[in-house]
Protein chains: 2
Amino acid sequence: MANYQAPINDIQFLLHDWLKITEHYKKYGFEEAADEELINAILEEGAKFSQEVLAPINQSGDEQGCQIDGHEVTTPSGFKEAYQQYCDNGWPALTSDPEFGGQGLPYSLSTVLGEMVSSANMSWGMYPGLSQGVIEALHAHGSKEQKQLYLPNLVSGQWTGTMCLTEPHCGSDLGILRTKAEPNENGTYAISGTKIFISAGEHDLTENIIHLVLARLPDAPEGTRGISLFIVPKFKVDDNGVTDQRNPVFCGSIEHKMGIKASATAVLNFDEAEGVLIGEPNKGLNYMFTMMNAARLGTAQQGQALAESSYQGALAYAKDRLQMRALSGAKAPDKAADPIIVHPDVRRMLLTQKAFAEGNRALAYYTATLVDTELKAEGERKEKALKELSFLTPICKAFMTETGHEATNLGMQVLGGHGYISEWGMEQYARDVRISQIYEGTNGIQALDLLGRKILMDKLHTLRRIQKKMKYFLKDAQQDKQLKPLASDLKTLIRKWFMLTLTVARKAGKDREEVGAAAFDYLMYSGYIYLGFIWLQLAYAARNKDADSDLAKSKLATCQFYFQRILPRVKTHAAAIKSGADNLMEIDERLF
Amino acid sequence: MANYQAPINDIQFLLHDWLKITEHYKKYGFEEAADEELINAILEEGAKFSQEVLAPINQSGDEQGCQIDGHEVTTPSGFKEAYQQYCDNGWPALTSDPEFGGQGLPYSLSTVLGEMVSSANMSWGMYPGLSQGVIEALHAHGSKEQKQLYLPNLVSGQWTGTMCLTEPHCGSDLGILRTKAEPNENGTYAISGTKIFISAGEHDLTENIIHLVLARLPDAPEGTRGISLFIVPKFKVDDNGVTDQRNPVFCGSIEHKMGIKASATAVLNFDEAEGVLIGEPNKGLNYMFTMMNAARLGTAQQGQALAESSYQGALAYAKDRLQMRALSGAKAPDKAADPIIVHPDVRRMLLTQKAFAEGNRALAYYTATLVDTELKAEGERKEKALKELSFLTPICKAFMTETGHEATNLGMQVLGGHGYISEWGMEQYARDVRISQIYEGTNGIQALDLLGRKILMDKLHTLRRIQKKMKYFLKDAQQDKQLKPLASDLKTLIRKWFMLTLTVARKAGKDREEVGAAAFDYLMYSGYIYLGFIWLQLAYAARNKDADSDLAKSKLATCQFYFQRILPRVKTHAAAIKSGADNLMEIDERLF
């Protein structure tokens, strides 16, 4: 069975040596967090909790799943106790506003913790994970009274929250949602409708659950401009906290799914449930995006986190399992066969996993620092951080989950038949991570967001700025003899990326379908190039610190592997993009 | 829920219009099968059985799985009845020797039937599927007495069979297997050891199970040259058929797996079980290859078959599900939104599925005709068919299962959240098909077989001959204006394929690790080119019949899609191959 160990060394390298995180924290007023010892202590506590509390209930959670009895949902053994311990340790409050009981630490620290939690137990991590989005949305858009009523118990973890968007007939297309909100005489609203796919929608971890619900007011405009956001608690809340008045929002069933079986995915029936409006009417979708952007980064991280878990499992097996001799002669002649890590094809799979697990970790952490900046900076600096964050969010969400899916499947493949057997834990990673390509906006939706909204509507401004940053770094990288050829490859690719974007923009001007036809390949193309930029930075930072260290050698070798064996995938994506929309659109529906 | 319909029209197009199958049958002495009406009648019966009997118990089989009680295994509801009906219809005997009760029909017909069975219910198909390999191995290598004793009941389906190769410490590396065979005084052998991952190793479908077991005789040479093959029935067999004497081969447990949960994967403990030797001592692995080659084609077909099932499910959903408007304007203005098949990215996914499901079907059927030829032809023609078959077998096994995995995952993605929910059936296809990349020799092993044995050890002879055949066809294809540019692309690629092979051969001469480092990418590279050749033939054949038909338009559009959006993947694989072994082998094990 897999035995997760938090990759503390790599995390510390990224935070301290690559991101210079304490300087970053100082710059943006996180004085308290700007302390390497404090950071390392948090990391160690998080690692301990993930390894010792969460990882041991990951496989049993998958086997047991959640159970429903009437409207009540029971989580698997140990989930409630683990959640209590998580709250006792103060983790839910890590990044929240001290005014409501939070610790006010930077978002990027919660990203690091989030990785460990997802690696150890992705299903469990969904319960506190969803609450974070609710806290952020309430913090940003709730009234003073709403904040005071709901935030303290969410921040302490005493309550959890949900995002209620999807309905049976609409997921990606929220414009056609039907849940109704009728005004009551007391200023509240009666919410009626059915929401599906609600993660953490019902469970036994906490005494109350705070649902944020998208619904339509009477006479609201059609489409996305007529959607409002409501707070609908499971048990009604008054100034003294939770009451015993059950709101009529009941879990009708929970889904049987491919994976994340220990995460309750609820169908919620709202039958004139009492809700209060957040902010202004008909602005609900905008408010929900506050949650969704954070949730997309959280989802991205699940892709990366499970790549890490799977890599650890596959690596341990590959060092241990004896099977056949190396083609160039026995490497362990005293044994019956060589450990399979001697075989080049096994190394190809392991290095692919490593390149994605470590590279995407760096990408996730860097992106998290943009969230810090966006939250704390002012003026142009804030604006720039927001733009870059908006650009990178769909790339992170789709690229990290696509490659996470690939990595977990490679992990299974390294184990051969044992990879397919549940006992070994490797197939669970592949099943669990698969949802990350789908929820929080399918990867197809992310691709449209990147190419349509973040590139074309932005008139390539942010793209240009990011490319400029890349080229600026390449000047340094080219000073390193080992990195020079890679830097030169990347430079060429950056130019090609820009030219390709121009080509797509030109075509899109004539035919809007060209955007959709290019989008997915364009996102993956951009992701591979951006990860090349990340890998070059990692190799550079490690070599800059101590080129003879094992860390530097490992980063250099993985960087070279990435540039030589993974990055060439851009050729395929470029060809697909250039091929245009006709090969997709001309075929009549009936000829499929 | 998915609702499988056998693609009879496409199958008939392939058999009759493309492969001219009745001429092929005539040529090789399958007089009886050389009758279009008979073939179509068999297809329709097979379709009916698959759709009406097997498909309805696919999802329930996955939910129930197999159960073990003591040493006895129970298959899911309906499996036994379906098996009985299968035998009553005479399907197990389809291709077997009439001397033992078979119908003597060509292997290629069983391939067509096999596709339908796997599409409808992959798990169920494993039980009769394994028997076919046992029948072939006994027919080829058993003594006259052994054939008379075992074949009639295997051919009728009254008994099933297994292949017992893998042990806990060895799968790919059978050279180190430990199961022992000690001679008894009566000429039989006492077989002792543990075999794992034995598909259909224990079940309740039949009164007896015939295990073919690899084991070592005392003083056998080490490695693969010291392995012998034994027949070990569950219940001992005498001239009157099965006796009530239970042989001490007991199922210790069945595996919990990612998928094919209704297929019992047994741990079998042999405790001095009585076995008889097949053929000569120490030739067991050679004999087993008779089964394994057929099993590899069967596995390849599972990849294709589940791509088809998943494509059907995704296509039906994409035509039905309304979500958002086409970027170029509403296509179904009378509805709340457009069906998602209007979106280019959905079409990209569907066409990728279609290209693999239909293209790989053609590849499987063509390869099956080589088996017909190899079985029936004589002299040079037999030898040539065998060479081509040996060349294509690892490509079919690995390429069709890799792309099958991709296709089933795209099918899930088309359904969005519903793709992840078990109820819809789409995630089961992805879980079930995943084993096909692993068993019957992992795809990494297939890649070594192709590049090491079938290309380099063959001194590129077969590769050259196949390429010559391709170029010969291209002359025809170039006469068709629509196909001319594609034919020209393929011609270039064929040349590149050859040059790349020379490059690898040259490198491999200096460093054997280069073979392993190139193998997987080389196999995929070859697979994409070969499938390009297949697609061009399909478009050509359909257009040749009637260029204005829907079939011809559909094949042409899919062929163009394949050439423009899928075939460019060879660029990535070529770059990886050319990058050589250093980026995999130089990194020290401890730096992973």
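Using a 4.5 Å cut-off between heavy atoms, A:Y311 contacts chain B through its side chain alone, with no backbone atom that close. Proximity to chain A (any heavy atom under 4.5 Å) is restricted, for B:D521, to the side chain, taken from C-beta onward. Interface remark: A:I176 contributes side-chain atoms only to the contact with chain B (heavy atom separation under 4.5 Å). Contacts between B:Y439 and chain A at a heavy-atom distance below 4.5 Å are absent for every atom of the residue. Contacts between A:L567 and chain B at a heavy-atom distance below 4.5 Å are absent for every atom of the residue. With a 4.5 angstrom heavy-atom cutoff, B:I196 touches chain A only via side-chain atoms. Neither the backbone nor the side chain of B:L556 comes within contact range of chain A; no heavy atoms are under 4.5 Å apart. In this structure, chain B has a heavy atom under 4.5 Å from the side chain of A:I445, while its backbone stays farther away. Only the side chain of A:L315 comes within contact range of chain B, judged by heavy atoms closer than 4.5 Å. Contacts of A:A517 with chain B are made by both backbone and side-chain atoms, with heavy-atom separations under 4.5 Å. Residue contact with chain A, scored on non-hydrogen atoms closer than 4.5 Å, is absent for B:H573. When heavy atoms are compared at a cutoff of 4.5 Å, B:V342 approaches chain A solely by way of its backbone atoms N, CA, C and O.
If you check the side chains of A:S199 and A:S263, you find no donor sitting under 3.5 Å from an acceptor. A donor atom on one side chain and an acceptor atom on the other are found under 3.5 Å apart for B:K257 and B:T265.
Annotation: maximal heavy-atom pairing with chain B below 4.5 Å, among A:R569, A:E63, A:R321, A:E255, occurs at A:R321. Among the candidates B:T442, B:I341, B:T166, the residue making the largest number of heavy-atom pairs closer than 4.5 Å to chain A is B:I341. Ranked by non-hydrogen atom pairs under 4.5 Å with chain A, the options B:G171, B:A336, B:A518 are led by B:G171. The candidate with the highest count of non-hydrogen atom pairs below 4.5 Å against chain B, out of A:A557, A:C170, A:G416, is A:C170. Counting heavy-atom pairs closer than 4.5 Å to chain A, the top residue among B:A575, B:S328, B:A318 is B:S328. In terms of heavy-atom pairs under 4.5 angstrom with chain B, the leader among A:Q353, A:K553, A:H405 is A:H405. The most heavy-atom pairs under 4.5 Å with chain A, out of B:L551, B:V515, B:N409, come from B:N409. Counting heavy-atom pairs closer than 4.5 Å to chain A, the top residue among B:F561, B:F592, B:F197 is B:F592. By number of non-hydrogen pairs under 4.5 angstrom with chain B, the leading residue of A:K354, A:Q560, A:E589 is A:E589. For chain A, the option among B:K571, B:H256, B:Q413 with the highest count of heavy-atom pairs below 4.5 Å is B:Q413. Listed options A:L591, A:I421, A:L584, A:L327 were ranked by heavy-atom pairs under 4.5 angstrom with chain B; first place goes to A:L584. Here A:E513 is the residue among A:R512, A:Q428, A:E513 with the most heavy-atom pairs under 4.5 Å with chain B.
Checking side-chain atoms of B:Q446 against main-chain N and O of B:A398 turns up no donor-acceptor pair under 3.5 Å. With hydrogens and angles ignored, the 3.5 Å screen pairs a side-chain donor or acceptor of A:D173 with a backbone N or O of B:M324. Proximity of a side-chain donor or acceptor of B:R434 to a complementary backbone N or O of B:G259 within less than 3.5 Å is not detected. A distance-only check finds a donor-acceptor pair linking the side chain of B:H343 to the backbone of B:Q323 [under 3.5 Å]. The closest donor-acceptor contact from the side chain of B:D432 to the backbone of B:I260 lies under 3.5 Å. Counting only distance, with no hydrogens or angles, the side chain of A:S554 and the backbone of A:D550 share no donor-acceptor pair below 3.5 Å. In terms of modelled atom types and a separation under 3.5 Å, the side chain of A:R347 and the main chain of B:N583 share no donor-acceptor contact. The closest donor-acceptor contact from the side chain of A:E514 to the backbone of A:A581 lies under 3.5 Å. The closest donor-acceptor contact from the side chain of A:K331 to the backbone of A:G329 lies under 3.5 Å.
For the pair A:D449/A:L523, no side-chain contact is recorded, criterion being any heavy-atom separation below 4.5 Å from C-beta on.
Salt bridge status for B:K195 with B:E167: present, with a side-chain N to carboxylate O gap under 4.0 Å. Ion pair B:K261/B:D62 not flagged as a salt bridge, since none of the NZ, NE, NH1 or NH2 atoms sits closer than 4.0 Å to an Asp/Glu carboxylate oxygen.
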